[in-house]
Amino acid sequence: MAADKQILFRKLPAVDQLLANPVIGKALVSHPKGLVLKAINQILDGFRTDIREGNIVEPGPELGLDPVSLRVLKRLELISMPSLRDVINATGVVVHTNLGRSILPERALERFRSIAGGYSNLEYDLDNGTRGSRYVHVEEILKELTLAEAAMVVNNNAAAVLIALETLAKDREVVVSRGQLVEIGGSFRIPDVMRKSGAKMVEVGTTNKTHLKDYEEVIGPETALLLKVHTSNFQVVGFTEEVPMSELVKLGERHGVPVMEDLGSGCLVDFSNYGLIKEPTVQKSLVQGANLVTFSGDKLLGGPQAGIILGRRDLVTAIRNNQLTRALRIDKLTLVALEETLRLYRDQRLAMKEIPTLVMICQSYDSLRGKADRLYKLVRDMKSNNFSIELIDGSSKVGGGALPLQELKSRLLCLIPKRLSSQQMEIWLRAYAPPVITRLERDRVMFDVRTIQEREFEIIARAIKDLAVADPIEGGV
Ligand SMILES: *Cc1c(COP(=O)(O)O)cnc(C)c1O
């Protein structure tokens, strides 16, 4: 017979009893009392819910003072950790939006530290001793690298598109192809951004084909902008047609309407030179005559989160003078990281060597093989009933909605389930300190060495060794 719920509730230790327990008393030395109380209340609430919902029906030993205290300590450890933490990206997705997109180059980190920890000339003109503009710090170098007439940066590319549309097309019309009405991860949708900006969207063409005459038919005195959106995270293949930038520009010129391109990733290097699929570059878009281009700082560029706006001087100036820039402005830490990343692009070989995103995307299969062998060496002698280990070939992804069709050949270390299932192992690794984020494929747990840094090998080896002896129950699995 199940005990009466009231009896079970009364069996739970009281808050005061828990606070008086020496185990918790020790924790009170190193943790604020408020946090300890929070942990106690969370654990007690959990028990009460379990009792109410009938998950606990007997007054078992788990309701005793010491077992409950231990649960409190575990919870305390969990809630005293920072929420934003380092994780190991073993997924093989280089620009992983959920894992923070790009890793910054070492040089950017160094500058980041000193600018963050001290005063700077962020908005101070050192020549004249007067107020300056934060944008000058990246404006010149952006112009130099892309040959754009003018440049401006905001918080991210979504903000760049929003402010560009708001400035140039509020209450007027923007023409865009139906094939380019994209949604990008994290709910950036062209039609929604358009609405927010106050611009009226005029859709032309069809999902797979849009012709120049489709644009010609709708362009008129109300048209403020022709917009081209790079369909970064998908590709329509087969019977398709898009109007090339150069054609759109000619049409725009005839009607005095500027053409803007949202490039999404916006790379400055031509990946086809490195054996990958061609991704449109920023320079190419400008050479073809785009009057304004926008792109992200933390996708293929490999820098911090930022939105970069380049193009015709009058358009960029109008955007800069928009009151909204104040709300969307880039902060100094982002700015210094962006400047340092851009400085690396002055020498493309240096960029390819020092910008982690570019390094990881362009890593050769041979070097990945060597890398995987080095990781394997650390764990191959291990015996486990939980899984067996193997090295196999597989593929990684660029991510961040860039080069969606690009398969990057890679080498993977995989755990083949024995006593533990692959799902159990994936969860266990994700709960590890630090969390190791793997990918499940063909019922195996995969560690793709492309996105793992060599300095993380020891940690991964330790995690795999701990997992090798983890008990399905006690290991929290
Ligand atoms: C990623 C992307 C965006 C959004 O950029 P964020 O920097 O994430 O704000 C907008 N447009 C396109 C085409 C994109 O690929």
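Numbering of ligands and ligand atoms starts at 1, following listing order.
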What is the closest protein heavy atom to [atom], and at what distance does it sit?
atom                    : result
atom 9 (O) of ligand 1  : Ala158 N, 2.8 Å
atom 15 (O) of ligand 1 : Ser232 OG, 2.6 Å
atom 11 (N) of ligand 1 : Asp262 OD2, 2.6 Å

Whether Val182 lies under 4.0 Å from ligand 1, heavy atom: no
Atom indices of ligand 1 within 4.0 angstrom of Ser296 heavy atoms, with elements: 5 (O), 6 (P), 7 (O)
Atoms in ligand 1 with a heavy atom of Arg101 nearer than 4.0 Å: 6 (P), 7 (O), 8 (O)
With Thr210 via side chain to side chain donor-acceptor pair (under 3.5 Å) - residues at least two apart: Ser177
Enclosure of Asp125 CG (heavy-atom neighbours >12, cutoff 6.0 Å): yes
Polar contact flag for Val229 and ligand 1 (N/O pairs, less than 3.5 Å): no
Residues Lys74 and Glu77 bridged, charged N to O under 4.0 Å: no
Shortest reach to atom 5 (O) of ligand 1 by a heavy atom, considering only Thr97, Asn157, Val95: Asn157
Minimum non-hydrogen distance to atom 14 (C) of ligand 1, winning option of Glu261, His230, Lys299: Lys299
Test side chain to side chain contact (heavy atoms under 4.5 Å, CB included) applied to Thr231 - qualifying residues, sequence neighbours left out: Gln180, Val182, Phe234
Any donor-acceptor N/O pair, Arg450 side chain to Lys409 backbone, under 3.5 Å: yes
Any donor-acceptor pair under 3.5 Å from Arg101 side chain to His96 backbone: no
Plane angle bin for Tyr432 and Trp428 - parallel if under 30°, tilted between 30 and 60°, otherwise perpendicular: tilted
